[in-house]
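The shown structure was predicted, so the numbers you read here are calculated from the model rather than taken from an experiment. Counting starts at 1 for both ligands and their atoms, following the listed order. Sequence positions, counted from 1, serve as the residue numbers for this chain.
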Amino acid sequence: VSKIFSAGLDITEMSGKSNEHYAAFWRAVQEMWLKLYGSNMVTIAAINGSSPAGGCLMALCCDYRIMADNPKFAIGLNETQLGIVAPFWFKDTMINTIGNRATELSLQLGQMYPAPEALKFGLVDKLVPEDKVQSAAAAAMSQWLSVPDHARQLTKSMMRKPAIDRLVKQREADINNFVSFISKDSIQKSLQIYMDRLKQKK
Ligand SMILES: CCCCCCCCCCC/C=C/C(=O)SCCNC(=O)CCNC(=O)[C@H](O)C(C)(C)COP(=O)(O)OP(=O)(O)OC[C@H]1O[C@@H](n2cnc3c(N)ncnc32)[C@H](O)[C@@H]1OP(=O)(O)O
C-alpha cells in the first residue's frame, strides 16, 4: 500500500475476542519475529511509508533499513500511545538497533519518528527519494550478498542469538502474559478509544 509500510498488528485481532484467539494470535506474532529476526538470509526493509509498532518491529528485524525521505512518514514503537506495552522482545530488538537510552526514551513516550529524525536516531540506515526506495534496496541487497555467506550468517547469528534464545525459553510464559494483559477490561477500553480516535480523524 502506498504511504504505509505496515500499520502494525491488526488491532481488531486484539479486541473483543476469546482468550484462545488471543493466544493463537500471539503465537503467530512470535513466529513471525522468530522467523524474520532469526533468518540467515539477507533482509533489507524498503520502507515506503509509515511504520508504527508491529510495522516498526518488522523493519527492525531486517539487516538494513532504507526509508522514503518524506517527513510525513513516521516509524516507531508507539505501543504506549495505545495504552499497551511493547513486549520484552520488541524492546530487545530496538535496543540491538539503537541502544538502551534511545530505546527507553522511545518506548516510554511511544514516539513515532518522522523519517529525518528516524535517520538521526539510527532507527533507519538511509533515506532516499520516494521513487528510489526499491532500487536503493536492490543495490543494498547486492552489496550485502557480496559478503561471503557463511561468515555473514555466523556473524548475524552471533549478534541476534541471545535475544532469540530469550524468547524461545519464555515463549509460553510470554503468551500467558499477553493473554492476561490484553484481556483486561482497562486494556480493552484503551484499544477501543484508540480505534475510535483513528476513525474520527477521517
Ligand atoms: C507487562 C507486559 C505485558 C506485555 C504484553 C503484551 C502487550 C501487547 C503488545 C501488543 C503489541 C502491538 C503492536 C501493534 O502493532 S499495535 C498496532 C499499532 N498500529 C497503529 O497504531 C497504527 C494506527 N494506524 C495509523 O496510524 C494509520 O491508520 C496509518 C498511518 C497506518 C494509515 O493512515 P491512513 O490515514 O492512510 O488510514 P486510516 O487511518 O484512515 O486507516 C484506514 C483503516 O484502517 C484501520 N486501521 C489502521 N491501522 C490499523 C491497525 N493497526 N489495526 C486495525 N485497523 C487499523 C483504520 O481504523 C481505518 O479503518 P476504517 O476504514 O474501517 O475506518
Only distances under 3.5 Å count here; give the side-chain donor-acceptor pairs of residues 73-88 to other protein atoms, sequence neighbours excluded, each with its distance to 0.1 Å.
residue: Asn78; atom: OD1; partner: Ala53; partner atom: N; Å: 3.3
residue: Thr80; atom: OG1; partner: Leu107; partner atom: O; Å: 3.2
residue: Thr80; atom: OG1; partner: Gln108; partner atom: O; Å: 3.3
residue: Thr80; atom: OG1; partner: Gly110; partner atom: N; Å: 3.1
residue: Gln81; atom: NE2; partner: Leu109; partner atom: O; Å: 2.9

Legend entry - Given Met41, Lys156, Met159, the one that forms side-chain contact (heavy atoms from CB on, under 4.5 Å) with Asp63: Lys156

Inset, instruction - Run the numbers for me: atoms of ligand 1, each under 4.0 Å from some heavy atom of Pro52, listed by number. - result: 19 (N), 20 (C), 22 (C)

Inset, instruction - Provide the number and element of each atom of ligand 1 under 4.0 Å from a heavy atom of Leu198. - result: 23 (C), 24 (N), 25 (C), 28 (O), 47 (C), 57 (O)

Legend entry - Numbered atoms of ligand 1 (with element) below 4.0 Å of Ile84, judged on heavy atoms: 10 (C), 12 (C)

Inset, instruction - For Ser51 and Gly55, indicate whether the former's side chain and the latter's backbone hold a donor-acceptor pair under 3.5 Å. - result: yes

Legend entry - Any side-chain donor near an acceptor of the partner, Asp92 and Tyr37, under 3.5 Å: no

Legend entry - Side-chain H-bond candidate by donor/acceptor type, Asp174 with Gln170, under 3.5 Å: no

Legend entry - Under 4.5 Å side-chain linkage, directly or through intermediates, the cluster mates of Val147: none

Legend entry - For Gly8, atoms of ligand 1 separated by under 4.0 Å from a heavy atom: 15 (O)

Legend entry - Contacting atoms of ligand 1, where contact means under 4.0 angstrom from a heavy atom of Phe178: 6 (C), 8 (C)

Inset, instruction - Please assess Glu104 against Lys91 for the test salt bridge (Lys or Arg N to Asp or Glu O under 4.0 Å), listing each intermediate value before the final yes or no. - result: CA-CA 9 Å; Glu104 183 168 358; Lys91 181 251 321 165; over 6 Å; no

Inset, instruction - Answer yes or no for Lys3: is there a heavy-atom contact with ligand 1 below 4.0 Å? - result: no

Inset, instruction - Heavy-atom contacts with Asn78 under 4.0 Å: which atoms of ligand 1 show up? List them by number with element. - result: 21 (O)

Inset, instruction - Number the atoms of ligand 1 from 1 as they appear, then name those within less than 4.0 Å of a heavy atom of Val85, with their elements. - result: 6 (C), 7 (C), 8 (C), 9 (C)

Inset, instruction - Using a strict cut-off of 4.0 Å, indicate which atoms of ligand 1 neighbour a heavy atom of Asp10. - result: 52 (N), 53 (C)

Legend entry - Distance (rounded to the nearest 0.5 Å) between Asp69 CG and Lys132 NZ: 12.0 Å

Legend entry - Tyr194 heavy atom under 4.0 Å from ligand 1: yes

Legend entry - Candidate with minimal heavy-atom separation from atom 50 (C) of ligand 1, of Leu9, Ile182, Leu57: Leu9

